[in-house]
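In what follows, chains carry the letters A, B, and so on, assigned in the order in which the sequence lines appear, proteins first and then strands, with residues in each chain numbered from 1.
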Number of protein chains: 2
Amino acid sequence: MHSTAEENYIKAIYKLSGNGANAVSTTGLSDMLATKPASVSDMLRKLSAKDLVHYVKYHGVQLTEEGQRVALKIIRKHRLWEVFLVQKLNFTWDEVHEVAEQMEHVKSELLVQRLDEFLGHPRVDPHGDPIPTEAGELPEMEQRALASLEVEQKGVVCRVKDSQPAFLQYLNRVGIQIGTQLQVVDKIPYDNSLEISINKNKSVILSSDVLEKIFVINP
Amino acid sequence: MHSTAEENYIKAIYKLSGNGANAVSTTGLSDMLATKPASVSDMLRKLSAKDLVHYVKYHGVQLTEEGQRVALKIIRKHRLWEVFLVQKLNFTWDEVHEVAEQMEHVKSELLVQRLDEFLGHPRVDPHGDPIPTEAGELPEMEQRALASLEVEQKGVVCRVKDSQPAFLQYLNRVGIQIGTQLQVVDKIPYDNSLEISINKNKSVILSSDVLEKIFVINP
DNA sequence: ATAAAAGTTTAGGTTTGTCTAAATTAAATT
DNA sequence: AATTTAATTTAGACAAACCTAAACTTTTAT
């Protein structure tokens, strides 16, 4: 089995690489994991010896097939637990990440299967992120960043790509959640921010940073 | 916060001491935790420095008040998760211990509160062990070991004091679970085993080892 | 009461995962 | 193309939690 530390590295590599596609840098990982680059080098040697990553010194890492399988299993567990916390224990979407971060490391195949069943095989977690299937598939849905909408265009929020409580609490304050109807009212070319009407109700101005993290369907 | 290793020592001390009453020996702990006595000495020094135990070299340990509070919190979490696994995820009573052993270390006050609520504030876990309350009370019920019943006496199984899968699977085979009605048919003085009728149905002979681990009410 | 046995602790070592500081390699700039 | 800068790796240390072997207490038994 893999240690919690190893699992966290694998998850970080997976996320930084854009779902396993590209190679990832040592500093990128040290930033994401809040460790020093030297520690990352150490761990990459170790993961490489276990054939979980392809590692070429000074040229970054990529997950092996096995590494990707492991990554998807952890992410599956993380997202299933998030669904559990929100749907069954009435957590809010800004409270779940930290707890799921711990639960994802519990080792039991049976537990994951039964949890999935208990939750009714959910397809997405409370942030709209897709849940990898038991077979290791990660079905990506059609969706676009709110930043890409033009004036007048509409969309329904289906995903937010940032699980930090501060960001999610900001969205709560603004009134944005999964399922919220949005429409672009105006574009401010100066900084690429957009004025967005929320549920045909009030309207707010969202910075381009925020716009890149909110995803919508039916554009 | 306390590490998983520290929590496991605290739990072991609590259990070996008979819920905190008596002092516990180094070898007792090393047996229970499957470590060497030398490792136990190290850890006891550490726990003592944190004021979680009273430790007098060569004369055993006891939990401090704080240590007991910590122990009860861990046991509360362990038993709540066991209830969850059995009642919500359809685990059998012999499958839950190992998984709960991992889940008990997840740190989140909110999680424990909400889980307790979700489960309807259960009083006992799937083995009949009482669940410490949020306030740190451990309500012990009236019950006696099956070994103490005389011929003809009846009882209803309310608790089994051994969570090892092998033991629980043995009980499954014999047909004993929580709620099962038993009656002592005969006593074999040679080895203190008893012939027990199960649900007024078949009858089996149980060794005194086993009889000490099964608890009943309505004697 | 003393010697042997049993239990416990200390000393010194290992592994995992981290760190700092120094050395090395790659990338960017002139 | 050479040199500066940035990124990365190696070397050497450290804390946690474990180990073995040796030393020390306590208990037990003669």
Side-chain angles (χ1 to χ4, degrees), chain A residues 1-18 22-63 67 70-71 74 101-102 104-107, chain B residues 1-18 22-63 67 70-71 74 101-102 104-107:
Chain A
M1 252 330 92
H2 311 111
S3 71
T4 296
E6 286 170 345
E7 290 190 349
N8 285 334
Y9 272 89
I10 289 169
K11 207 174 31 145
I13 295 167
Y14 184 86
K15 291 196 168 166
L16 276 180
S17 69
N22 315 296
V24 161
S25 75
T26 300
T27 31
L29 284 168
S30 75
D31 284 356
M32 169 151 290
L33 294 165
T35 62
K36 301 293 164 178
S39 310
V40 174
S41 289
D42 278 356
M43 182 58 97
L44 295 184
R45 225 178 352 86
K46 189 172 158 191
L47 292 176
S48 186
K50 288 195 176 189
D51 283 319
L52 291 165
V53 301
H54 295 300
Y55 172 43
V56 183
K57 283 201 292 197
Y58 294 104
H59 294 279
V61 257
Q62 256 189 306
L63 293 177
V70 173
I74 303 165
E101 206 70 2
Q102 298 179 64
E104 75 190 2
H105 299 294
V106 172
K107 266 115 190 144
Chain B
M1 252 330 92
H2 312 111
S3 69
T4 296
E6 285 170 348
E7 291 190 348
N8 285 335
Y9 273 89
I10 290 169
K11 207 175 32 145
I13 295 167
Y14 184 87
K15 293 197 167 167
L16 276 181
S17 70
N22 316 296
V24 160
S25 74
T26 301
T27 29
L29 284 168
S30 74
D31 283 356
M32 169 152 290
L33 294 164
T35 62
K36 301 293 162 178
S39 310
V40 174
S41 290
D42 277 356
M43 182 58 97
L44 294 183
R45 224 178 352 85
K46 190 172 157 191
L47 293 176
S48 185
K50 288 196 175 187
D51 284 318
L52 291 164
V53 301
H54 296 300
Y55 171 44
V56 183
K57 282 198 294 196
Y58 294 104
H59 296 278
V61 257
Q62 257 189 306
L63 293 177
V70 173
I74 304 165
E101 207 68 4
Q102 299 178 63
E104 74 189 4
H105 299 294
V106 172
K107 265 113 190 146

Exercise for the section: Please list, chain by chain and in numerical order, all residues satisfying salt bridge (charged side-chain N to carboxylate O under 4.0 Å, His left out) with A/Lys36, sequence neighbours excluded. Expected result: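 Partners of A/Lys36 under the salt bridge (charged side-chain N to carboxylate O under 4.0 Å, His left out) test: none.
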Would you say a side-chain N or O of [X] is under 4.0 Å from OP1 or OP2 of [N]?
| X | N | result |
| --- | --- | --- |
| B/Ser3 | D/dA16 | no |
| B/Thr27 | C/dA6 | no |
| B/Tyr55 | C/dT8 | no |

Within this structure, what is the [atom1]-to-[atom2] distance between [X] and [N], rounded to whole angstrom?
| X | N | atom1 | atom2 | answer |
| --- | --- | --- | --- | --- |
| A/Arg45 | D/dA11 | CZ | C1' | 11 Å |
| A/Glu6 | C/dT15 | CD | C1' | 12 Å |
| B/Lys50 | D/dA16 | NZ | P | 8 Å |
| A/Glu7 | C/dT16 | CD | C1' | 15 Å |
| B/Leu47 | D/dC18 | CG | C1' | 15 Å |

Could you pull out the closest heavy-atom pair between [X] and [Y], with the gap in Å?
| X | Y | value |
| --- | --- | --- |
| B/Thr26 | B/Pro37 | CG2-O, 3.5 Å |
| B/Val53 | B/Leu63 | CG1-CD2, 3.9 Å |
| A/Leu29 | A/Ala12 | CD2-CB, 3.7 Å |

Practice task
Identify whether any heavy atom of A/Ser41 sits under 4.0 Å from a base atom; if not, whether one sits that close to sugar-phosphate; answer base, sugar-phosphate or nothing.
Solution key: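 The answer is base, as A/Ser41 lies within the cut-off (heavy atoms under 4.0 Å) of a base atom.
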Problem - Name of the residue among B/His2, B/His105, B/Glu101 meeting side chain to side chain donor-acceptor pair (under 3.5 Å) with B/Asn8 - result: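 Of B/His2, B/His105, B/Glu101, side chain to side chain donor-acceptor pair (under 3.5 Å) with B/Asn8 is met by B/His105 alone.
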Exercise for the section: Examine distances only and state if a side-chain atom of B/Ser30 and a backbone atom of B/Thr27 form a donor-acceptor pair shorter than 3.5 Å. Expected result: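 It does hold such a pair.
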Practice task
Could you encode protein contacts along nucleotides 18-26 of chain C as a string, one character per nucleotide from 5' to 3', using B for base contact, S for sugar-phosphate-only contact and - for no contact, with a heavy-atom cut-off of under 4.0 Å?
Solution key: BBBB--BSS
